[in-house]
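Below is one structure, written out as structure tokens; comments come after it.
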Amino acid sequence: MPQKSPLIAIYPGSFDPLTLGHLNIIQRSLKLFDSLVVAIVVNPNKQSLFSLEERRAMIEEALGKDRKRVRVDSFSGLLVDYVRAQNARAIIRGLRAVSDFEYEFQMAHMNRSLYPDVETIFMMAGEDHFYVSSRLVREVASLGGDVSPMTPPNVHRALLARFPRKEKP
Ligand code: PNS
């Protein structure tokens, strides 16, 4: 009997840094796909808080037991070219608020027109994570707020090292 090729999905993003919302999407994607590639976009025009290597290492550490079926990689250029090269069947994106929808809708259609064989699968953010974004996590951490409920412990430690919290008077 011919061997079925494994179902691979790509979960692209900036992951600057990884949040518990991302981790939730990764865990749920693994119920649908044999393996997942977390693909960190390399965008020289966008300044990031953490370097590519730091983000990759943080994601790998946070994956824990899921590490066996998840590969952390980076890509530059068009996402669909990367998806094709990886022989992947789907792009995974998390959807939080309605405000995410327009941008995600445009990207999904653009990607499908560039590469008709790819499907974008949207996952609704878990109810504990619908307000969590990397941008807000960075902002709150930089201002001394507690982001431990929204980040894996190793990411929280990295944020504390970057933005030491001052003692409140
Ligand atoms: O986590 P983000 O920043 O929302 O992720 C955005 C990402 C990486 C999915 C998007 O910027 C992307 O796909 N970039 C690669 C370049 C590309 O293919 N652009 C056309 C998208 S339609």
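Since the structure is predicted, the reported quantities are computational estimates derived from the model, not experimental observations. As the structure lists them, so they are numbered: ligands from 1, and atoms in each ligand from 1.
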note = atom 7 (C) of ligand 1 sits nearest the protein heavy atom R93 NH1, 4.3 Å
request  = Considering heavy atoms of the protein only, find what lies nearest to atom 1 (O) of ligand 1 and give residue, atom and distance to 0.1 Å.
outcome  = S14 N, 3.0 Å
request  = First locate atom CD1 of I121, then atom CZ of R28, and finally report the distance between them rounded to the nearest 0.5 Å.
outcome  = 12.0 Å
key: Side chain, backbone, both or neither: the part of Q106 lying under 4.0 Å from ligand 1 by heavy atom   = neither
key: Residue, atom name and distance, where the atom is the protein heavy atom closest to atom 10 (C) of ligand 1   = M107 SD, 3.9 Å
ask   = Counting heavy atoms only, which part of F75 comes closer than 4.0 Å to ligand 1: side chain, backbone, both or neither?
value = side chain
request  = Specify the protein heavy atom at minimum distance from atom 14 (N) of ligand 1: its residue, its atom name, and the distance to 0.1 Å.
outcome  = V41 CG2, 4.0 Å
query = What heavy-atom pair brings S14 and R55 nearest, and what distance separates the two atoms?
reply = O-NH1, 2.8 Å
message = Can you give me the closest heavy-atom contact between L159 and A141, atom names plus distance?
response = CD2-CB, 4.1 Å
ask   = Is it true that a side-chain atom of R96 and a backbone atom of H129 form a donor plus acceptor pair closer than 3.5 Å?
value = no
task = Identify, by atom number and element, the atoms of ligand 1 in contact range of M110, meaning under 4.0 Å from any of its heavy atoms.
result = 22 (S)
Shortest non-hydrogen contact from V42 toward S74 = CG2-CB, 4.0 Å
query = Under a 4.0 Å heavy-atom limit, does L78 contact ligand 1 with its side chain, its backbone, both, or neither?
reply = both
request  = May I ask you to identify the nearest protein heavy atom to atom 11 (O) of ligand 1, giving residue, atom name and distance to one decimal place in Å?
outcome  = Y103 OH, 3.9 Å
ask   = Minimum heavy-atom separation for I8 to N87, with atom names?
value = CD1-O, 4.2 Å
request  = Enumerate the atoms of ligand 1 whose separation from the nearest heavy atom of L79 is less than 4.0 angstrom.
outcome  = 13 (O), 17 (C), 18 (O)
ask   = Where do N111 and V118 come nearest, in terms of heavy atoms and distance?
value = O-CG1, 4.0 Å
note = The option among A108, P12, G77 carrying the non-hydrogen atom nearest to atom 15 (C) of ligand 1 is G77
request  = To the nearest 0.5 angstrom, please state how far the CZ atom of F15 sits from the CE atom of M58.
outcome  = 12.0 Å
